[in-house]
Asks: 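I'd like to ask you about the structure that follows.
One-based numbering, in listed order, for ligands and for the atoms of each.
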Amino acid sequence: MVIVMAPEATQDDVEAIVELVATAGGEAFASRGVSRTIIGLIGDVDQFTALNLRGMRGVADVVRVSAPYKLVSRGNHPDRSTVTVRGVPIGPDTVTLIAGPCAVETPQQTLEAATMAKAAGATLLRGGAYKPRTSPYAFQGLGEAGLRILADVREETGLPIVTEVVDAHDVALVASYADMLQVGTRNAQNFALLQAVGAAGRPVMLKRGMTATIEEWLMAAEYIAQRGNLDIVLCERGIRTYETATRNTLDISAVPVVQRLSHLPVIVDPSHSGGRRDLVLPLTRAAIAIGADGLIIDVHPNPDQALCDGPQALVDGDLAELAAVMRDFPALVNRTLT
Ligand code: E4P
Ligand code: PEP
């Protein structure tokens, strides 16, 4: 059940509802948007019905929803949302480029990659300090030392940081450096982690699980929203199919499908989906054309030496073309580059 508060509802009105729901053995989580607050209820719907919530002060509507996700549903929030990361918007009017190294390796490599990203039009810097690797023998990331490098590079370039957190216990630490927390495909249904990032007070980028249906992906986002955080950006990064020519299969149709089902912004990762440098620009064009709200792209100054995912990283020679795509394509779909 979801309670939609009227625009003029006060904090006291919201708290009165949270308390009343608790008397019926339920839990209520308020998500504050720009124009209104939505309260998601967990518990016995029949008990809630007896509470006469519709009569409470400040309540605009009480919705008994059939879709399994509520707070992230477009049905309850018809306008598409814009998520702002340290002043950089990701939403329906713009195309935002997030770029940087797959993994933070050294201060110099990270600074060079950030400089490349900025030159191509990026306004947010990606880079993993905690790397979720298939092999326990592969480079796992620099941990907090990597976060410190990212913070220094932010200082130097002015680019806010998007970085992954892989363990619920590290959320507070990563959030103390990051401007946006990333939850990767391998953790997309790690519910304890989703709840922890939902409570961390930072925007979250949630990648689609590599075998997740769209409904499962939105349910994962609902875990974050339920903790009071609606600043969620969804990222389509390719799914597992029988095809082996690409690392994953970019489900490009997921972009408009999800935008109809959810008010959350949707971006595309052409690097991890194709897994091949030569596919990044074609997939980027496709993503902008279909209406993606942004891109997240790997770049590396020296991908032959990269400790993670070198074959998919754009190099210096690709940047002029990426910059041209970012300059010209958003206008074709009535958007501006953020
Ligand atoms: C993302 O950057 C992941 O850590 C990386 O793609 C995992 O790759 P792997 O399966 O080779 O470890
Ligand atoms: C990443 O972007 O660093 C990453 C780990 O990607 P994914 O979770 O999509 O594999």
Side-chain angles (χ1 to χ4, degrees), residues 85 90 96-105 109-110 113-114 117 122 124-143 146-147 149-150 161-167 170 174 177-190 193-194 197 203-212 216-217 220-221 224 232-241 244 246-252 254-255 258 266-277 279-280 283-284 287 292 294-300 303 305-314:
V85 183
I90 307 176
T96 306
L97 177 60
I98 306 168
C102 183
V104 174
E105 297 164 9
Q109 165 259 5
T110 307
L124 296 170
L125 172 65
R126 66 146 292 144
Y130 294 85
K131 295 306 299 176
R133 300 307 301 272
T134 302
S135 164
Y137 303 110
F139 176 61
Q140 306 285 312
L142 298 178
L147 296 174
I149 292 172
L150 284 168
I161 302 165
V162 181
T163 195
E164 181 162 355
V165 55
V166 298
D167 186 323
D170 293 333
V174 179
Y177 291 89
D179 299 298
M180 178 179 230
L181 296 170
Q182 175 174 330
V183 176
T185 193
R186 293 161 182 79
N187 267 313
Q189 284 189 305
N190 177 338
L193 178 63
L194 295 171
V197 297
V204 177
M205 189 230 293
L206 174 63
K207 290 202 161 187
R208 180 181 183 175
M210 63 179 88
T211 59
E216 287 166 342
W217 187 14
I224 300 170
I232 306 164
V233 173
L234 300 168
C235 177
E236 164 57 46
R237 49 78 69 203
I239 51 175
R240 277 282 169 86
T241 68
T244 55
T246 48
R247 189 177 186 193
N248 295 283
T249 299
L250 179 62
D251 181 7
I252 196 79
V255 175
V258 172
V266 184
I267 67 170
V268 165
D269 181 340
S271 308
H272 287 81
S273 45
R276 289 167 34 181
R277 184 170 307 127
L279 295 180
V280 171
L283 296 180
T284 297
L295 280 308
I296 178 164
I297 294 180
D298 289 3
V299 300
H300 198 289
Q305 317 274 300
L307 298 178
C308 188
D309 290 351
Q312 69 194 31
L314 293 186

Asks: Students should be able to answer this: which protein heavy-atom is nearest to atom 8 (O) of ligand 2, and at what distance?
Replies: T185 N, 2.8 Å

Asks: Is the shortest distance from a heavy atom of P132 to ligand 1 less than 4.0 Å?
Replies: yes

Asks: Which heavy atom of I296 sits nearest to which heavy atom of Q182, and what is that distance?
Replies: CD1-OE1, 4.0 Å

Asks: Number the atoms of ligand 2 from 1 as they appear, then name those within less than 4.0 Å of a heavy atom of R186, with their elements.
Replies: 10 (O)

Asks: Measure the distance from atom 4 (C) of ligand 2 to every protein heavy atom, then report the residue, atom name and distance (to 0.1 Å) of the closest one.
Replies: H272 NE2, 3.5 Å

Asks: Starting from the C-alpha separation in whole Å, work towards a yes-or-no answer on side chain to side chain contact (heavy atoms under 4.5 Å, CB included) for V174 and Y130.
Replies: CA-CA 9 Å; V174 179; Y130 294 85; 3.8 Å; yes

Asks: Which atoms from ligand 2 have a heavy atom of R237 less than 4.0 Å away?
Replies: 7 (P), 9 (O), 10 (O)

Asks: Which heavy atom of the protein is the closest neighbour of atom 1 (C) of ligand 1, given with residue, atom name and distance?
Replies: H272 NE2, 3.2 Å

Asks: Identify the closest protein heavy atom to atom 11 (O) of ligand 1: which residue and atom is it, and at what distance?
Replies: R133 NH2, 3.5 Å

Asks: Show me which atoms of ligand 2 lie under 4.0 Å from any heavy atom of G184.
Replies: 8 (O)

Asks: Output yes when the distance from some N or O of ligand 1 to some N or O of K131 is under 3.5 Å, and no in every other case.
Replies: yes

Asks: Starting from the C-alpha separation in whole Å, work towards a yes-or-no answer on side chain to side chain contact (heavy atoms under 4.5 Å, CB included) for E236 and S273.
Replies: CA-CA 8 Å; E236 164 57 46; S273 45; 5.8 Å; no

Asks: Locate the shortest heavy-atom distance separating A292 from V268; write the atom from each residue and the value.
Replies: CB-CG2, 4.0 Å

Asks: Specify the protein heavy atom at minimum distance from atom 8 (O) of ligand 1: its residue, its atom name, and the distance to 0.1 Å.
Replies: R247 NH2, 3.0 Å

Asks: Could you go step by step and tell me if R237 and S271 meet the side chain to side chain contact (heavy atoms under 4.5 Å, CB included) rule?
Replies: CA-CA 8 Å; R237 49 78 69 203; S271 308; over 6 Å; no

Asks: At less than 4.0 angstrom from any non-hydrogen atom of Q182, what atoms of ligand 2 do you find?
Replies: 1 (C), 2 (O), 3 (O), 4 (C)

Asks: Got a second to check how far T249's OG1 is from M210's CE, nearest 0.5 Å?
Replies: 12.5 Å

Asks: Among all protein non-hydrogen atoms, which one is nearest to atom 5 (C) of ligand 1, and what is the separation to 0.1 Å?
Replies: D309 OD2, 3.3 Å

Asks: Quick check: closest heavy atoms across L234 and A221, and the distance to 0.1 Å?
Replies: CD2-CB, 4.0 Å

Asks: So is R237 close enough to ligand 1, meaning a heavy atom under 4.0 angstrom away?
Replies: no

Asks: Can you find a non-hydrogen atom of R126 under 4.0 Å from ligand 2?
Replies: yes

Asks: Suppose I only count heavy atoms of K207 and a 4.0 Å limit; which atoms of ligand 2 are within that range?
Replies: 1 (C), 2 (O), 4 (C), 6 (O), 7 (P), 8 (O), 9 (O)

Asks: What closest approach, in Å, do Q312 and D298 show between heavy atoms, and which atom pair accounts for it?
Replies: NE2-OD2, 2.8 Å

Asks: Which atoms form the tightest heavy-atom contact between L125 and P101, and what is the distance?
Replies: CD1-CD, 4.1 Å

Asks: Who's the nearest protein heavy-atom neighbour of atom 7 (C) of ligand 1, and how far?
Replies: R186 NH2, 3.4 Å

Asks: With a 4.0 Å cut-off on heavy atoms, is R208 touching ligand 2?
Replies: no

Asks: Is the shortest distance from a heavy atom of C102 to ligand 1 less than 4.0 Å?
Replies: yes

Asks: E164 near ligand 1, heavy-atom distance under 4.0 Å?
Replies: no

Asks: Taking 4.0 Å as the limit for heavy-atom contacts, which would you say applies to K131 with ligand 2: side chain only, backbone only, both, or neither?
Replies: side chain

Asks: What are the two closest heavy atoms between P270 and I297, and how far apart are they?
Replies: CG-CG1, 3.7 Å

Asks: With side chains defined as the heavy atoms from C-beta onward, is the minimum distance between R247 and P311 less than 4.5 Å?
Replies: no

Asks: Give me the residue, atom name and distance of the protein heavy atom closest to atom 5 (C) of ligand 2.
Replies: E164 OE1, 3.2 Å

Asks: If only atom types and distance count, is the side chain of Q189 paired as donor or acceptor with the main-chain N or O of N187 below 3.5 Å?
Replies: no

Asks: Applying a heavy-atom cut-off of 4.0 Å, say which part of T134 lies close to ligand 1: side chain, backbone, both or neither.
Replies: both

Asks: Only one of L295, I161, I267 forms a side chain to side chain contact (heavy atoms under 4.5 Å, CB included) with I98, so which one is it?
Replies: I267

